[in-house]
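Report on the following structure.
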Amino acid sequence: MSTANTFLRVTDLDFNEIKNNLKTHLATNDKFKDFNFEGSVMSNLLDVLAYNTHYNAYYVNMLANEMFLDTAQQRDSVVSRAKELGYVSSSSIGSSANVNIVFGGIPAEVTNFTISKNSTFTSEISDITYTYVVPEAKTVVVNQIDGSGTGSTATVDLTIKEGEPLASTFIYDSTNPERFVIPNKNVDTSSILVKVQTSSSDSTLVEFHRATNVNQVYSTSEIYFLEEAYDEKYEIVFGDGALGKRLVDGNIVVVQYLVCNGGDTNGADTFAIDHLNMTTTYTSATIETNKKSSGGRFQENVESIKFNAPRSYQTQNRAVINNDYERIILNENSDLQSVVAYGGEHANPKLFGKVIIAAKPFGEEYITENRKRQIKASIMDRTPLGIDPIMIDPDYTYLKLNITTRYDKTKTKTSESSIRASIIDAANKFSTENLERFGRNLRYSNLLKKLDSSTEAYVLSNAAEIKLEKRISPDLNVASKVNIDFNNPIRKLSVTSSQFTYNGFISYISDDGLGNISIYRFGGNKEKIIVINKAGTIDYSTGNIQIENFAPTSHTDIYLKILAFPERLDVSTLREQVLIIDPNDTKVNVISEYT
């Protein structure tokens with residue numbers, strides 16, 4: 001008669017351990033006392049039992065992992081867990097470009113015309129043709145009326161966005177409910193437009209808007225909610241009659257959107273007109289690129305969702321502390337790369353009762369004034385009473401790198417120009433991945449590691465000299481105070497500037513090592529002549545420069561550049577400050593050695 005087995009260890013999940021446990025269990029049973037467990041038949045049966053147990057243990061373990069956000073591996077599982085926290089993953093975003101179009105041969109009687117939404121352009125990258133569209137209808141005023149009979153001309157600056165315009169239609173039936181899942185991947189959710197037609201016999205269309213704040217949603221609110229459904233596709237969810245207006249049987253849901261290629265189209269700089277749907281005719285159109293395509297990005301990945309979902313949940317859709325403002329604005333504005341917010345008591349000068357917000361868009365340095373107003377309006381109803389949000393621009397500090405690269409000439413036939421290009425590309429990539437956001441500091445050692453790892457073994461070493469650069473647009477011919485904050489200790493006798501015209505002379509800015517800023521020019525023999533000895537001051541410990549009554553008449557570049565060497569190799573940021581390595585200002589000195 002068999003007794004209770006005390007040798008079966010259920011915690012052993014390895015195949016061999018399971019099989020040995022089964023042998024031990026059977027060996028203690030009197031019915032199997034004389035069996036040879038290593039015999040082929042019995043061994044095969046034990047293998048089957050062990051495999052079955054091992055498979056089930058693995059399956060249950062994986063199933064349990066998918067139930068939690070921290071351990072889930074499948075995207076659909078991570079999205080489902082994040083949905084419980086009210087988090088919607090960021091979609092792919094099509095890149096945007098700005099072009100200038102000059103139309104000719106417009107009928108003389110036309111004073112203005114409209115370029116319709118989704119008029120198309122094309123651009124080719126690596127032999128692949130991509131479609132760009134006009135995201136919103138644009139009204140153009142005719143700027144020159146030609147009385148000769150050949151027609152008028154018009155010029156327009158136009159922002160175009162990458163993506164293929166598509167539409168999906170659904171019919172609501174409460175007896176056979178259907179999920180409104182957009183059937184395409186790579187949907188740019190910022191382009192989604194939802195309209196509901198009353199019925200097939202009533203063509204009345206009502207536009208529904210995406211809900212971002214349920215505190216402002218009522219039973220009659222014409223809103224929809226957006227969720228990621230499955231297979232990287234997004235779903236439109238309508239209200240239930242209590243939280244948002246409920247659909248009625250026969251309603252026809254029309255969803256318009258763009259399917260984009262994310263970051264693949266960043267950098268496109270040549271565009272051609274494909275099809276313009278306009279309210280007038282024209283005989284000619286020339287197109288030039290004002291700003292190459294940028295800002296495209298791919299759909300948020302699993303690791304990013306795991307990181308952002310719980311932190312987004314912490315805000316509870318209210319803006320109290322600085323992180324709340326940052327999370328809400330980033331979650332609701334997919335065109336923004338980075339946001340920083342801080343109390344006005346930390347501003348200079350102090351602004352009590354204010355919260356200062358700066359936002360950096362993808363592929364751009366600044367957002368428009370209209371975009372600032374939109375962001376401020378979206379956050380106002382979640383801001384504590386008595387607190388006023390203020391939108392400001394990021395404060396950019398550009399890093400000019402002078403890199404010295406030494407390589408072993410005996411180990412490579414690579415040209416020095418190719419080595420130089422690789423180093424510049426590595427520095428630019430380091431900037432994109434490690435800087436260009438609020439709160440990102442430059443770590444000198446990490447920069448060198450990136451430069452070293454970007455090249456082959458023939459590169460012996462890299463060293464970089466870093467100069468900080470501020471770009472300002474001073475008032476011309478008007479005496480005004482200029483305040484420049486590097487927010488880093490500055491090396492004495494290192495302040496310089498690009499040239500500008502002052503009192504009729506080409507002049508420059510420098511410091512004297514004693515805390516004074518002077519304006520100087522060069523004489524006929526290249527001797528340095530001081531124009532104003534104490535034009536301003538510099539605090540070397542903070543990097544603050546103040547110039548009084550500065551009134552240049554012109555400057556050569558778009559901006560007047562103020563440069564200085566930092567006292568430390570690491571460069572830090574403060575509040576709205578952002579660091580950028582400008583590849584156009586990166587110099588690489590390649591030196592060959594024989595080892």
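These numbers come from a predicted model, not from an experiment.
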Give the intermediate values and the outcome of side chain to side chain donor-acceptor pair (under 3.5 Å) for residues Asn290 and Asn100. CA-CA 6 Å; Asn290 292 331; Asn100 177 271; 5.1 Å; no
I'd like to know whether Asp388 forms a salt bridge (Lys or Arg N to Asp or Glu O under 4.0 Å) with Lys376, so could you lay out the CA-CA distance, the side-chain angles of the two residues, the decisive distance to 0.1 Å, and finally the verdict. CA-CA 9 Å; Asp388 183 26; Lys376 180 178 178 178; 3.6 Å; yes
Go through the steps for Arg437 and Lys360 under the test side chain to side chain contact (heavy atoms under 4.5 Å, CB included), then give the verdict. CA-CA 8 Å; Arg437 292 172 178 81; Lys360 179 187 181 301; 5.8 Å; no
Check the pair Ser219, Lys245 against side chain to side chain donor-acceptor pair (under 3.5 Å), reporting the backbone distance first and the verdict last. CA-CA 5 Å; Ser219 60; Lys245 185 176 181 179; over 6 Å; no
Criterion side chain to side chain donor-acceptor pair (under 3.5 Å) on Thr368 and Asn370, from CA distance to verdict: CA-CA 5 Å; Thr368 64; Asn370 183 54; 5.2 Å; no
Apply salt bridge (Lys or Arg N to Asp or Glu O under 4.0 Å) to the pair Glu433 and Lys450, showing each step before the final yes or no. CA-CA 11 Å; Glu433 295 176 351; Lys450 183 66 176 180; 3.7 Å; yes
Please assess Asn333 against Arg371 for the test side chain to side chain donor-acceptor pair (under 3.5 Å), listing each intermediate value before the final yes or no. CA-CA 10 Å; Asn333 299 276; Arg371 195 74 181 90; 2.7 Å; yes
Would Asp188 and Val259 count as a side chain to side chain contact (heavy atoms under 4.5 Å, CB included) here? Give the steps. CA-CA 6 Å; Asp188 183 343; Val259 174; over 6 Å; no
Could you walk me through whether Leu336 and Ile329 satisfy the side chain to side chain contact (heavy atoms under 4.5 Å, CB included) test, starting with their C-alpha distance in whole Å, then the side-chain angles of each, then the deciding distance to 0.1 Å, before giving a yes or no? CA-CA 8 Å; Leu336 300 182; Ile329 293 173; 3.6 Å; yes
Intermediate values then yes/no, side chain to side chain contact (heavy atoms under 4.5 Å, CB included), Ile357 and Ile390: CA-CA 6 Å; Ile357 304 170; Ile390 297 177; over 6 Å; no
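In this structure Arg382 satisfies the salt bridge (Lys or Arg N to Asp or Glu O under 4.0 Å) test together with Glu332, sequence neighbours excluded. Taking the salt bridge (Lys or Arg N to Asp or Glu O under 4.0 Å) definition, one finds that Lys83 meets it with Glu227, sequence neighbours left out. Contacts of Tyr172 classified as ring-ring contact (aromatic ring centres under 6.0 Å, His included), with partners at least two apart in sequence or in another chain: none. Take Glu124 and apply the side-chain hydrogen bond (donor to acceptor under 3.5 Å, both in side chains) test, not counting sequence neighbours, and it matches no residue.
A donor-acceptor contact shorter than 3.5 Å links the side chain of Asn434 to the backbone of Phe430. Under a 3.5 Å cut-off, the side chain of Lys306 and the backbone N or O of Ala72 do form a donor-acceptor pair.
Closest of all the heavy-atom pairs between Gly104 and Thr153 is CA-CG2, 4.2 Å. When every heavy atom of Pro389 is checked against every heavy atom of Thr383, the shortest pair comes out as CG-OG1, 3.9 Å.
Between the side chains of Lys161 and Ser191, no donor-acceptor pair is found at a separation under 3.5 Å. Between the side chains of Ser92 and Gln299, not a single donor N or O lies within less than 3.5 Å of an accepting N or O. Side-chain atoms of Asn308 and Ser312 form no donor-acceptor pair, as typed in the model, at a separation below 3.5 Å. Side chains of Glu235 and Tyr230: a donor-acceptor N/O pair is absent below 3.5 angstrom, by distance only. Looking at Tyr234 and Ser89, their side chains do bring a donor and an acceptor atom within 3.5 Å of each other. Between the side chains of Arg75 and Asn301, no donor N or O sits under 3.5 Å from an acceptor N or O. For the residue pair Asp274 and Thr122, no side-chain donor N or O sits within less than 3.5 Å of a side-chain acceptor on the partner.
Within the structure, the side chain to side chain donor-acceptor pair (under 3.5 Å) test picks out the following pairs touching residues 249-262 (sequence neighbours left out): Glu162-Asn261, Ser168-Tyr257, Ser174-Asp249, Asn184-Tyr257. Within the structure, side chain to side chain donor-acceptor pair (under 3.5 Å) contacts touching residues 194-203 (residues at least two apart or in different chains) are Ser199-Ser201, Asp202-Thr204.
No option in Asn487, Asp395, Asn441 other than Asn487 meets the side-chain hydrogen bond (donor to acceptor under 3.5 Å, both in side chains) test with Gln577. For the side-chain contact (heavy atoms from CB on, under 4.5 Å) test with Ser91, the passing option among Thr189, Leu226, Ile192 is Thr189; the others fail.
Atoms CD and NZ, on Glu228 and Lys233 in that order, are 11.5 Å from each other to the nearest 0.5 Å. Between atom OG of residue Ser77 and atom CG of residue Asn65 there is a gap of 10.0 Å, rounded to the nearest 0.5 Å. Ser304 contributes atom OG, which lies 14.5 Å from atom CZ of Phe298 (distance to the nearest 0.5 angstrom). Note that CD1 of Ile273 is 4.5 Å distant from CD1 of Ile101, once rounded to the nearest 0.5 Å. Interatomic distance, CD of Glu164 versus CG of Leu258, reported as 9.0 Å (0.5 Å rounding).
Figure legend: cation-pi geometry between Arg311 and Phe307, with NZ or CZ positioned under 6.0 Å from the six-membered ring centre and within 45° of its axis. A cation-pi arrangement is absent between Arg471 and Tyr396, since the terminal nitrogen or guanidinium carbon is not both under 6.0 Å from the aromatic centre and inside a 45° cone about the axis.
Asn112 has its side chain out of reach of Val140: every pair of non-hydrogen atoms, C-beta onward, lies at least 4.5 Å apart. Between Ser95 and Tyr132 the shortest side-chain heavy-atom distance falls below 4.5 Å. When side chains are defined from C-beta on, Val156 counts as touching Phe103, because their heavy atoms get closer than 4.5 Å. When side chains are defined from C-beta on, Met391 counts as touching Ile375, because their heavy atoms get closer than 4.5 Å. Between Val134 and Ser116, every side-chain heavy-atom pair lies at or beyond the 4.5 Å cut-off. Taking the side chain as every heavy atom from C-beta outward, Leu85 and Leu69 approach each other to under 4.5 Å. Val133 has its side chain out of reach of Ser119: every pair of non-hydrogen atoms, C-beta onward, lies at least 4.5 Å apart. Taking the side chain as every heavy atom from C-beta outward, Arg297 and Phe362 approach each other to under 4.5 Å.
Within a 6.0 Å sphere centred on OH of Tyr559, heavy atoms belonging to other residues, nucleotides or ligands number 12 at most.
Ring centroid separation for the pair Phe208 and Phe238 comes in under the 6.0 Å cut-off. Note: Phe121 and Phe271 fail the aromatic proximity criterion, with ring centroids not under 6.0 Å apart. Separation of the Phe170 and Phe180 ring centroids falls under the 6.0 Å cut-off.
Ion pairing between a basic and an acidic side chain is recognised when a charged N comes within 4.0 Å of a carboxylate O; Lys291 and Asp269 show no such pairing.
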